There are 2 protein chains.
Amino acid sequence: MPTPKPGRPVRGSRTGRPIMAALDLLGRRWTLRVLWELRDGPLTFRALRDACEGVSPTVLNTRLRELQDGRIVEKTEGGYGLTPGGLGLSKALRPLDSWARSWAAPS
Amino acid sequence: MPTPKPGRPVRGSRTGRPIMAALDLLGRRWTLRVLWELRDGPLTFRALRDACEGVSPTVLNTRLRELQDGRIVEKTEGGYGLTPGGLGLSKALRPLDSWARSWAAPS
DNA sequence: GCGTTTCGCTACGTAAAGTGTAGCGGTAGG
DNA sequence: CCTACCGCTACACTTTACGTAGCGAAACGC
């Protein structure tokens with residue numbers, strides 16, 4: 001399965017709308033988690049593995065390649081880090097944390 | 001695989017932190033897309049299927065059960081709709097759209 | 001009543017994706 | 001050299017997703 005990109009058909013949408021590519025990409029296992037773990041700076045492959053306890057190196061590498069392909073993650077001196085665009089995505093994801101906390105609170 | 005919930009261990013995290021449960025839940029295929037499609041109001045099962053062109057009824061039903069289990073989606077007169085909590089999640093996800101558009105724009 | 005249509009959803013066989021362990025080749029330090 | 005990490009790959013296995021077919025229930029017209 002190729003890396004979803006804006007402007008091209010993705011799984012579940014032939015329109016090529018950016019949001020559809022994003023939803024496809026982020027809806028793959030561990031993708032959101034990896035972005036979350038990288039929010040405070042670069043991590044090495046092995047540190048990232050440890051942060052996402054239980055992810056297999058196969059999938060981690062696949063996800064990293066997809067994210068690099070989408071210019072969201074890049075290799076830096078300190079390991080894998082967010083690109084400027086990836087940083088924007090990470091910020092767009094922040095509200096999730098406060099939502100999750102309110103979700104956890106009893107209704 | 002059980003529905004991830006805050007306060008319990010989930011895939012990749014034994015801490016039970018709400019954000020981890022959220023990332024696990026949202027990182028399953030079609031989950032984000034379903035939430036996205038429900039943002040403007042309830043849809044019937046079949047309308048939802050059509051909106052997510054290509055999703056198989058098996059998976060759609062599984063995702064809907066998980067989302068209902070997490071009190072994010074509920075059955076209403078008009079089909080499947082967001083709960084108050086689900087509405088909050090939908091709002092927390094809004095920034096994704098504008099990010100995706102900037103992502104699509106050439107750097 | 002009786003066919004037709006639409007509904008939500010399940011069955012089930014196939015295909016794809018993710019998992020887990022082992023370990024390779026590379027680099028850096030002693 | 002030898003040890004100890006590093007990023008990453010191989011590969012057999014399990015889980016998840018896909019796709020088509022179709023069921024039973026309800027809602028319409030006739």
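Quick caveat: nothing in here was measured; it's all calculated off a predicted structure. Letters go in sequence order (proteins before strands), and every chain restarts at 1.
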For this session: Calculate the interatomic distance between B:R49 atom CZ and D:dG22 atom C1'; express it in whole Å.
Result: 13 Å
Exercise. In whole angstroms, how far is the C1' atom of C:dG18 from the CG atom of A:L64?
Worked result: 15 Å
Problem set entry | Side-chain N or O of B:K75 closer than 4.0 Å to phosphate OP1/OP2 of C:dC7 | no
Exercise. Is it true that B:D97 and B:R101 have a side-chain N and a carboxylate O under 4.0 angstrom from each other?
Worked result: yes
Problem set entry | Distance (rounded to the nearest 0.5 Å) between B:K75 NZ and B:Q68 CD | 6.0 Å
Problem set entry | Nearest-angstrom distance from the residue atom CG of B:D50 to C1' of C:dT6 | 12 Å
For this session: Using whole Å, report how far CZ of B:R28 lies from P of C:dT19.
Result: 11 Å
Exercise. Roughly, in whole Å, what's the span from CZ in A:R11 to C1' in D:dG19?
Worked result: 15 Å
Exercise. In terms of heavy-atom contacts, does CZ of A:R94 have more than 12 from other residues, nucleotides or ligands at under 6.0 Å?
Worked result: yes
For this session: Answer whether the closest heavy-atom distance between the side chains of B:L82 and B:L67 falls below 4.5 Å.
Result: no
Problem set entry | N/O (side chain, A:W30) to phosphate O (OP1/OP2, C:dA17) under 4.0 Å | no
For this session: Check whether any side-chain nitrogen or oxygen of A:R29 sits under 4.0 Å from OP1 or OP2 of D:dA17, and answer yes or no.
Result: yes
Exercise. Can you find a side chain N or O atom of A:R46 that sits less than 4.0 Å from OP1 or OP2 on D:dC6?
Worked result: yes
Exercise. Should A:R63 be listed as having a side-chain N or O under 4.0 Å from OP1 or OP2 of C:dG18?
Worked result: yes
Exercise. Rounded to whole angstrom units, what separation is found between the CD atom of B:Q68 and the C1' atom of C:dG8?
Worked result: 12 Å
Problem set entry | Nearest-angstrom distance from the residue atom CG of A:L60 to C1' of C:dT19 | 13 Å
Exercise. Can you tell which of C:dA17, D:dC6, C:dG20 lies closest to the side chain of A:T44?
Worked result: D:dC6
For this session: Please tell me which of A:M1 and A:P57 maps to the more 5' nucleotide of DNA chain C, matching each residue to the nucleotide holding its nearest heavy atom.
Result: A:M1
For this session: Figure out the CZ/C1' separation between B:R33 and D:dA17, and round it to whole Å.
Result: 16 Å
Exercise. D:dG19 base to B:T58 side chain: any donor-acceptor pair below 3.5 Å?
Worked result: yes
Exercise. Should we count CZ of A:R8 as having more than 12 external heavy atoms under 6.0 Å?
Worked result: yes
Exercise. Would one find a side-chain N or O of A:N61 under 4.0 angstrom from OP1 or OP2 of D:dG7?
Worked result: no
